[in-house]
Amino acid sequence: MSQALTSTKFGKYGGQYVPEILMPALLELTDYYEKYKDDAVFNAELDHYLKDFAGRPSPLYLAKNLSKEYGIKIYLKREDLVHGGAHKLNNTLGQGLLAKYMGKKRIIAETGAGQHGTACAMAGACFGVSTEVYMGAKDTVRQRMNVYRMELMGTKVIPVKSGSQTLKDAINEAMRDWVANVETTHYMIGSVVGPHPFPTMVRDFQSVIGKEVRLQILEKEGRFPDSIVACTGGGSNAMGIFHPFVEEDVDLFAVEAGGSGMKTTDKEALHSATLCTGEDGVLHGMRTKVLQNKYGQILESSSIAAGLDYAGVGPELAYLADIGRLKPCYSMDSEALDAFHDLCRFEGIIPALESSHALAYVKKAVASGELGDIVVVNVSGRGDKDLETVMGMRT
Amino acid sequence: MSQALTSTKFGKYGGQYVPEILMPALLELTDYYEKYKDDAVFNAELDHYLKDFAGRPSPLYLAKNLSKEYGIKIYLKREDLVHGGAHKLNNTLGQGLLAKYMGKKRIIAETGAGQHGTACAMAGACFGVSTEVYMGAKDTVRQRMNVYRMELMGTKVIPVKSGSQTLKDAINEAMRDWVANVETTHYMIGSVVGPHPFPTMVRDFQSVIGKEVRLQILEKEGRFPDSIVACTGGGSNAMGIFHPFVEEDVDLFAVEAGGSGMKTTDKEALHSATLCTGEDGVLHGMRTKVLQNKYGQILESSSIAAGLDYAGVGPELAYLADIGRLKPCYSMDSEALDAFHDLCRFEGIIPALESSHALAYVKKAVASGELGDIVVVNVSGRGDKDLETVMGMRT
Amino acid sequence: MRIAEKFKQLKAKNEGALIAYICAGDPTPEGTKEYVTALVRGGVDIIELGLPFSDPVADGPTIQAGIQRALDGGMTPDLYFRTVSSLKLHIPLIVMTYYNLIFKRGLEKFVKDCAASGISGIIVPDLPPEESGDLLQICRKNEVDLIYLVAPTTTETRMEHILAEGAGFIYLVARLGVTGARSDVATSTGELIKRVKTATPKAVGFGISTGDQAAQIIHAGADGVIVGSAFVNIIGSGQDVPERLEALAREIKKGVISN
Amino acid sequence: MRIAEKFKQLKAKNEGALIAYICAGDPTPEGTKEYVTALVRGGVDIIELGLPFSDPVADGPTIQAGIQRALDGGMTPDLYFRTVSSLKLHIPLIVMTYYNLIFKRGLEKFVKDCAASGISGIIVPDLPPEESGDLLQICRKNEVDLIYLVAPTTTETRMEHILAEGAGFIYLVARLGVTGARSDVATSTGELIKRVKTATPKAVGFGISTGDQAAQIIHAGADGVIVGSAFVNIIGSGQDVPERLEALAREIKKGVISN
Ligand SMILES: Cc1ncc(COP(=O)(O)O)c(C=O)c1O
Ligand SMILES: Cc1ncc(COP(=O)(O)O)c(C=O)c1O
C-alpha cells in the first residue's frame, strides 16, 4: 500500500484521512480517474460539454479602463461567463461524467453559498443523475435563490442543522451520507480539498482555465504574464489557473479572505486566511493548513464572500506555499468591496465577491512592483449572487 | 427626400414618425451607420468586444434530454451565456461603439425589466460613456436588482411616473429626453423598434446570432435546420437569429406572449401578441402592428415575461409576417412556465421566461410536424432574473 | 375661418397672433366649451385644441397630465368632433394630435371630419414631412391646412422643403425639448426666426408663458406665439379656471400687440 | 489493564465483551466520572471514552449532540487526560477521537499522555491504515493498542493488512453509515464477522442498542459488542442518567453472556 501512498500527497500534505468504509471507494475512484483521465473518448465527451454546455473557452479580456486606473496591464480570465456564473461547473461536469462512466446512480455534494451546489445541479440534470446537496441551514436561508435554482433543476437540497450550520457542517454531513451510501453514490467535492484523489482530480478538471490562458495570452502578448492572481477558498479556481503555469516563470498569488480582521478567538476566526495564518492539521480527509485553536478544534471562519469562507484549503496550495512557489496573501472585506465597485464602474463587469478579493490584491500590490507589467486575474464568478450582500453594505 | 424614404421601410412598415427636432439626428445616425457598418476598423473593434467582453460566440447546444422528451432534435442557441445574461449586449456594444465613433458624450435608453438597461450600463462602462436609463417606476420596484446592477456600473436610473409606469412610458420619456438633448446624446433603443435606422441597425447588430448558427449547424449537421423558433417582444433576438436565414429554406416562428388570455378591453390587452392580433398603426416612431383600441389609443399589454410585454413589434417582423415568410404564433403564460421547468429539469439550464415562450411553442408544435426534424430555439437569456416571479407561482 | 385670413387680419392691425392650446376633454368634455369661450374672451386669435393620445411623446409633464385627465374623462375622437362641431367659433380652430389617431380613423375620414366640424388646420408633432405625403394631399383636397414644424436642429435642405409644403403657418419649435412653460426665451429662438424665410406666417411655440416672452418673440420677427402649458396648468389647478384663462390670455395678447 | 488481558479473562468465562462508548465531558467533566462508574456497575467490560472533536464526520446525530454538549461544557484534551487519570478503573479504557486532535497535540505526546493516564487503546475513525504508520510505531513503543476498523466495504487485500497491524481488538463496523442506535442487525454484519479471520478479538459496533442484538452478534462469532449511541441517548435525556446507564449496560451484558 505504500506505493499508492506516495501519489496521494503533495509533500507532506494531502492523503486520505477518512473512515475505513470510504477507503475502497476512494481507491475505486482513483482507479477510474486514472483510467479515464487521458482517455480519448472520455475527454472528447467532456470537451463537448465544456464547449457547448458550459460555454468554454471563457475569454481573456484586457481590462483597458481598469489597467489605466490601477497602472498595470490587467487581463481578466472570464470565468464569470461560464454557465451557472462561476468556474465551479468545470469540475462538476468532469466529475459528473466520471460518475456516469462509473455507473453511479446518485450524486451528493456539499455547498456553502450554493455555487457548487448549483453547478452540481446543472451537471446532474445534464447527465440525468439524481442529485442531492447538503447545505448549512443558515446558508439555505441566506442564499434562498440558489436553493431555488437547485430545486428547479431537480436537485434535492438538504438543510444541515448541526454545528455552525454552514459549509464545514455541510461537508461533514455529506461525508456521513457518503459513508452510508458509498456503493451507489458519488460524492462530488466542490474544490481541491478532501481526501485523495479529489485535490488532484478537481485541479485537473479546473486546469482547463489555465490551459486556455496559456494559449490566449500567447496570442495576445506573445509571452506569458508576469503574474497570476486568484482568490482562494478551497483553492480550485486558483489551482485551475495556476497549475499549467507552475513550471513556468510566472509569479502566482493566492488571495485569501482577510474578513473583518485578522484575529481569532478560541472558537472563531474573523477571516478565512488559512494559507496565511493556518497551522498544519487534518480536516475533511486531508492534511493541510487549517484554522484551528491550540487543541486542534476547527474554528468557524468568516468572510463577506461565502465561497471563501472555509477553515481549510487545498493541500497542493499548502505545499506550493511551503516551497515558495506561490505567495499566500489576503484582502479584507472592505478592500474586496472597493475592488468590486471598481470593476463594475470601470469595466461593466460585476464580479463575484470571491473574485473581488483577487482584484483588490492587484489594486494594493501594484505599488510594490511585485506583479510585474502584465497580470492575469481570475474572475472566478459573477457577482449577481452577491447583490443583496453588497446592497446591505450601502449606507 | 423620397430617395432616403424608400430605404427606411419594410414594405409599408417602418419609417420615421418622430418630432421634427429628431429628424436630423436620425439622418446623422443613418449616415454614420451606413459609413461604419462595413468599415473594417469598426468591425474589428466590435468583434473584439463581442468576443472578449461579451463571450461570443455563444454555443449551439444539442439538448439531448429535451429532444428525447419532446420528440424532435432540438438545438439551443445559448444567448443565456452572453455577458449580462441575454442577447441584449450584442446590440448595446454595437450602438455603444457607434456612439463613441460619433463623438456622443451621453447615452440614454429605455428599459422594461431592466435587461436592456443592464446591457446599456455594461456598454456604457466599457466605453466610458455616461449613461442614463429610463424605467417605469413600477418596474424599478419589481426589478430592483436590475436597477441596482445598473447603478453599480455607474448608470443613472430614472424612474418614469407617467402613464402605466412601465416600458411604453419609459420609451416615451426617453424620446422626450432625446428631443431635448439630441445634439450630445445617443438614444440607444433596445430592440428592432423605433424610427429608421434603428430597426435595421439593431437587427444587423443582433444578426451575429444567426450568423453563428449558420456556421455551427453546418458543422454539427451538415445542413440548415428545418425551423428556427424565437420569442418576440420587440423582436430583436428573433430578427437576430432569423435574418441570416431569411433567404434560406428554413421556417421561421416568432413566438409572442399570449399572457393570461388572448382578450383585450378598451384599455388593456391580457397578452402582448402584437403580430398575432395587433392592427396597423404608428407608435414610437414606426409604422407597425400595434395593440390599440378602435380609436388608436395604445393598449397596456401584459405578459409574465417582462421583456415581451410591449404593445408594438419591430416593423420588419410585421412585414415578414404579412408576406408569409415567418409564422407569428404565441405561448400562454402557463405554457411558458411549464417549458421553463422542463428546461431546468431536463437540461440544467434556467431559461429566461421570454425564451421559455419559444420553448413552449416547440413543445406544443411538435405534434403538427410543422417544425420538421431539426429545430433551433433561441434561448435569448437566462432566467435568474425571473426566479422571484416563478417562485411566486408555486402553490 | 381659414388661418391665413386670420393672420391677414392681424397683420392689417399690426398685431401678433396668440394661439392657445388646450386639450379637449380636460378634465371633462363640457369643461372644454367653457374654457374655449374664456380664452376667446381673453383675446386669443386661434384655438389649438388637442385630441388626446395615450402616448404623447412630444409633450412635457404639464400637457401629459392634461391629456391623461382628458382620457380619463372619456374623450374620444368621435366625441372630439361632436364637441368641436358644437363650439361655433368665429376664429380658426386647429386640431393637434398624434399620427396614430389619424391613421386609425383613416386619413380621408379624419380630414373630412375636420373640415365638417369647422377645423381649419392640423398639427401632428410626430409626423415629419418624410411621412406626411398622403395626409398632405388629402388636406389640400379638403382645404384644411397641414401645419409643419421646424426646429433649431432642422437643416437648410429640410427647411426649404418644409417651407415649400407648409400651410396655414409654420410652427417654430422654440427650443430643443418637449412642451412646457419656461420663464426665459432661448437664444436659439431668435436665430430660428431669422432662419425661417417665408411668406407663410411664423408662430413660435414651446415654453412661452408670459406677455413679456411673447413680446420678445414678436419683436424678433415672429407673426404669432403658441401658448399651451401655461393654460393647461391653470386647468390642472381646478381653481377659478375660466377667469384665470381669460386673464392670462389677455396678458399675453397684450405682449403680442405691444410692438 | 491491557485490552488483550480483558478478552482473555472473558474468553475463559465464555463471555462476550461489552464495550461502552460515552463522550468525556458530556454534559460536564464531573458527570463523566459518575457515568463511567455507573457503566462499570452495570457490567461493562471496556470503556471507550470519546475525546470530543469539533467535526466528527463518522458520528451520527446522537453522538454529535453528545460531543457538542461536551465541547460546550468545556472539555479539552488537557482536561480529558486529567479526568481520565482520576478515574482509577480496573477495566481497560480506550480513547476514541479524531486524528486532528492527536496530530495537533503531537503524536508522541498524545500517546505518552494516554499511557500515563491509564489508557490502553486508541480508536481514530478517520485514520485508515494508509495514514497511520507514524502513530502505530509510537503506540507500539508505548504499549498502547492502536485499534483498527474494518467495514463491509473493506477489500480482501486491505483486510489482510489491517488484521496484520491491528492490536487490542478489531473494530468491525456493522453497517455502512455513521454511529447511531438501530433496532435490527444488518445481514452484512454476520458476513463481515465471518470474513474477519484473525486471532485478535473482534468487536462489532455501529447500531447496537439492545441485549437481543448483542446476543445475535456474539452468536455470529464476535468476541464483543460496542454500544455508544444508546448510552449517549440516555445522557442526552438528562433523566435518571446513572440508573438508566447501569440498567442498559446490565441488559446488554446479559445478551453477551447468554451464549
Ligand atoms: C465565484 C467563486 N469564486 C471562488 C470560490 C472559491 O472556491 P475555490 O477556492 O475552490 O475556487 C467560489 C466558491 O463557491 C466561488 O463561487
Ligand atoms: C431574455 C430576453 N429575451 C427576449 C426579450 C425580448 O426582446 P426582443 O424581442 O427584442 O428580443 C428580452 C427583452 O428584455 C429579454 O430580456
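For chain B, the option among D80(A), L60(A), V390(A) with the highest count of heavy-atom pairs below 4.5 Å is V390(A). In terms of heavy-atom pairs under 4.5 Å with chain B, the best-connected choice from H48(A), H83(A), E347(A) is H83(A). The candidate from M153(A), M122(A), R345(A) with the greatest count of non-hydrogen atom pairs under 4.5 Å with chain B is M153(A).
Residue contact with chain A, scored on non-hydrogen atoms closer than 4.5 Å, involves the side chain of R78(B) exclusively. Contact annotation for E388(A): both backbone and side-chain heavy atoms come within less than 4.5 Å of a heavy atom of chain B. Both the backbone and the side chain of I349(B) come within contact range of chain A, judged by heavy atoms closer than 4.5 Å. Looking at A63(B), neither its backbone nor its side chain comes within 4.5 Å of chain A, counting heavy atoms on both sides. Looking at L81(B), both its backbone and its side chain come within 4.5 Å of chain A, counting heavy atoms on both sides. Looking at K385(A), neither its backbone nor its side chain comes within 4.5 Å of chain B, counting heavy atoms on both sides. At a 4.5 Å heavy-atom cutoff, the contact between R382(B) and chain A is made by side-chain atoms alone. Within the 4.5 angstrom heavy-atom criterion, only side-chain atoms of K220(A), from C-beta onward, approach chain B. When heavy atoms are compared at a cutoff of 4.5 Å, F346(A) approaches chain B solely by way of its backbone atoms N, CA, C and O.
Closest approach of Y61(B) to C126(A), counting heavy atoms only: OH-SG, 3.7 Å. Counting all heavy atoms, side chain and backbone alike, P59(A) lies closest to G55(B) at CG-CA, 3.7 Å.
Atom CD in Q216(A) sits 7.5 Å away from atom CG in D52(B) (nearest 0.5 Å). For the atom pair CG of L152(B) and CG of D386(A), the computed distance is 11.0 Å after rounding to the nearest 0.5 Å. Summarising the geometry, atom CZ belonging to R149(B) is positioned 10.0 Å from atom SG belonging to C344(A); distances are rounded to the nearest 0.5 Å.
For N65(A) (side chain) and A125(B) (main-chain N/O), a donor-acceptor pair under 3.5 Å exists by modelled atom type.
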